[in-house]
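Start at 1 and go down the list; that is how both ligands and their atoms are numbered. Quick caveat: nothing in here was measured; it's all calculated off a predicted structure.
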Amino acid sequence: MSVQENYELAKKAYEKWGINVDEVIEKLKNVPISIHCWQGDDIGGFEVNPNELSGGISVTGNYPGKASSPEELRADLEKALSLIPGKHRVNLHAIYAETNGEVVERDQLEPKHFENWVKWAKENGLGLDYNPTLFSHPKANDGLTLSHPNEDIREFWINHCIGSRKIGEYFGKELGTQALTNIWIPDGYKDIPSDRLTPRKRLKESLDKIFAVEVDEKYNLDAVESKVFGIGSESYVVGSHEFYLNYAMKNDKLCLLDTGHYHPTETVSNKISSMLLFSEKLALHVSRPVRWDSDHVVILDDELKEIALEIVRNDALDRVIIGLDFFDASINRVAAWTIGTRNMIKALLSAMLVPNEYLKQLQEEGNFTERLALMEEFKTYPFGAVWDYYCQKMGVPVRESWLEEVKAYEQEVLLKR
Ligand code: RNT
Ligand code: ZN
């Protein structure tokens, strides 16, 4: 049976439950995923004098073909994007600036250092998001940045973050789609602190200075990303969840929840509804922690499906900004992007193909038997047939056929690097 025939049958099964599959597909087309550029080069970046990756994050593996120039990274991203249905965004970090061989300190970065990225984004119909890079730098070697006891060091990072928000604003203006500029810092201590308050006070003051600078919200939104621990900050992280949750609420900023940044039995899916009750927008870094914040490639597991359900059933597709954050250097990096992003989209599609309103009603009525029965039955509804059709309709490879293209690209491009 053809993709089309399978689709027609699937459509009938969903229509019985009042789900209009064609409408679902139209809706899904307009949901952008912010694809992180750093999966393409193991968070290396293009600084003239690059520093080793630091900040308590780590990429393992040495699969051949890593991008080592902006041109290579963009070519790899284009390849991945050609295998992913829909129109999406690319998420950049400050270390991906292009300075023409000139050493430009991070606090001196300007929109002009991202002109090539913007030009490329325009050509490819992409939005851009941004992150200041507060790691992999001599001024962050002791694992402290915005909360550093030394004022000059704090000042340096404050200026870097202010400049970053302006770069985000530039992206938004140029591309006609609001950028998200997300601040994540590694600050913390390996061992039990003797003072938890003072570093947090300093972080608060630094953020106040960063956000005191006017940046047009029409073009740029600010987010802050919390964490529970990192390598070298096992005992204490300055920017914890409570810290940023309160900071964001008080200062009208977005909280960014990274799915690897909570205790192992704590789930982001269970946080989304609470967050949405108190703020208009929320941002995500969808990742996959394996025993720790390991940033494995996102797979279609229960938690990913639950996250998607929470976004869809709460009608929050335009309130939750979905970004990805994983980095695996042990497999083909173009495949990593493709697998992770396709899975995110699959999860959203599968969440849209559930009679969410009816299930809510069952819960309200206290009919937990039918609620459980239907939720389980829908797990084996023909969602795959709709996914295949969606890929075909969007002009990207159906099922695993994308892998052939990645293999060919590996032979023709990656292995020749
Ligand atoms: C680190 C954070 C952060 C980084 C990127 C590279 O734990 O998740 O988002 O992964 O900024
Ligand atoms: Zn993250």
Side-chain angles (χ1 to χ4, degrees), residues 33-47 50-60 67 73 89-97 106 128-137 140 143-146 157 160-161 164 167-168 179-188 222-234 236-241 243-244 248 254-264 266 268 271 282-298 304 307 320-329 333 336-337 340-341 344:
I33 308 297
S34 186
I35 302 171
H36 54 310
C37 75
W38 52 91
Q39 163 61 64
D41 74 334
D42 314 341
I43 330 183
F46 309 122
E47 285 184 318
N51 296 279
E52 219 178 286
L53 181 63
S54 77
I57 51 180
S58 162
V59 186
T60 53
L73 188 60
R89 314 178 59 83
V90 168
N91 198 4
L92 297 175
H93 241 284
I95 48 172
Y96 292 84
R106 290 192 199 163
L128 288 178
D129 296 306
Y130 195 61
N131 305 260
T133 311
L134 294 100
F135 52 85
S136 306
H137 191 279
L144 298 171
T145 61
L146 292 177
W157 293 115
H160 175 42
C161 290
S164 294
I167 290 167
L180 182 76
T181 298
N182 171 51
I183 298 179
W184 172 74
I185 62 167
D187 301 35
D222 299 302
V224 284
E225 178 182 6
S226 69
K227 193 162 176 170
V228 64
F229 84 95
I231 300 172
S233 60
E234 289 86 352
Y236 169 73
V237 165
V238 183
S240 62
H241 180 56
F243 176 92
Y244 281 126
L254 272 79
C255 261
L256 186 147
L257 311 183
D258 181 308
T259 58
H261 290 190
Y262 297 89
H263 292 287
E266 209 182 341
V268 164
K271 298 181 189 297
L282 166 71
L284 298 179
H285 267 183
V286 180
S287 190
R288 178 166 54 109
V290 178
R291 305 191 187 279
W292 71 291
D293 182 28
S294 60
D295 293 286
H296 279 64
V297 176
V298 165
L304 186 71
I307 287 172
V320 180
I321 299 173
I322 306 170
L324 303 175
D325 188 8
F326 50 79
F327 22 93
D328 189 342
R333 295 171 185 80
W337 268 323
T341 315
M344 186 68 241

State the atoms of ligand 1, each with its element, that fall below the 4.0 Å cut-off from a heavy-atom position in [X].
{"X": "D258", "result": "8 (O)"}
{"X": "F327", "result": "10 (O)"}
{"X": "D293", "result": "7 (O)"}
{"X": "I57", "result": "1 (C), 7 (O)"}

Give a yes/no verdict on whether any heavy atom in N131 is under 4.0 Å from an atom of ligand 1.
no
Which protein heavy atom lies closest to [atom], and at what distance to 0.1 Å?
{"atom": "atom 4 (C) of ligand 1", "value": "D325 OD2, 3.5 Å"}
{"atom": "atom 9 (O) of ligand 1", "value": "E225 OE1, 2.8 Å"}
{"atom": "atom 5 (C) of ligand 1", "value": "H93 NE2, 3.6 Å"}

Measure across R333 and D41 and return the closest heavy-atom pair with its distance rounded to 0.1 Å.
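Taking R333 first and D41 second, the nearest heavy atoms are CD-N, 4.4 Å.
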How long is the straight-line distance from NE2 of H285 back to CH2 of W184, given to the nearest 0.5 Å?
10.5 Å
If you round to the nearest 0.5 Å, how far is CD1 of I43 from CG of D325?
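If we round to the nearest 0.5 Å, D325:CG and I43:CD1 are 7.0 Å apart.
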Polar contact flag for [X] and ligand 1 (N/O pairs, less than 3.5 Å):
{"X": "H261", "result": "yes"}
{"X": "H285", "result": "yes"}
{"X": "W38", "result": "no"}

Could you see which bit of K227 sits under 4.0 Å from ligand 1, with heavy atoms only: side chain, backbone, both or neither?
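Contact part for K227 vs ligand 1: side chain (C-beta onward).
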With heavy atoms and a 4.0 Å threshold, my read on which part of N182 contacts ligand 1 is neither
For residues S287 and D295, is any side-chain donor paired with an opposing acceptor at under 3.5 Å?
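Their side chains do contain a donor-acceptor pair, which is all the 3.5 Å distance test asks for.
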Classify the side-chain pair N91/N131 by whether it contains a donor and acceptor separated by less than 3.5 Å.
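Yes.
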Test item: [X] and [Y] side chains (from C-beta on) under 4.5 Å apart, heavy atoms:
{"X": "D258", "Y": "D293", "answer": "yes"}
{"X": "L180", "Y": "L256", "answer": "yes"}
{"X": "S164", "Y": "I183", "answer": "no"}

To 10 degrees, how wide is the angle OD2 (D258) to the Zn ion (ligand 2) to OD2 (D325)?
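Once rounded, the angle between the two atoms at the Zn ion (ligand 2) is 90°.
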Going through the checks in order, is the side-chain contact (heavy atoms from CB on, under 4.5 Å) test met by R89 and I321?
CA-CA 11 Å; R89 314 178 59 83; I321 299 173; 5.9 Å; no
Return the name of the atom in E225, of element N, O or S, nearest to the Zn ion (ligand 2).
OE2
I'd like to know if the side chain of H36 and the backbone of G323 have a donor-acceptor N/O pair within less than 3.5 Å.
no
N, O or S of H285 under 2.8 Å from the Zn ion (ligand 2):
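True for H285.
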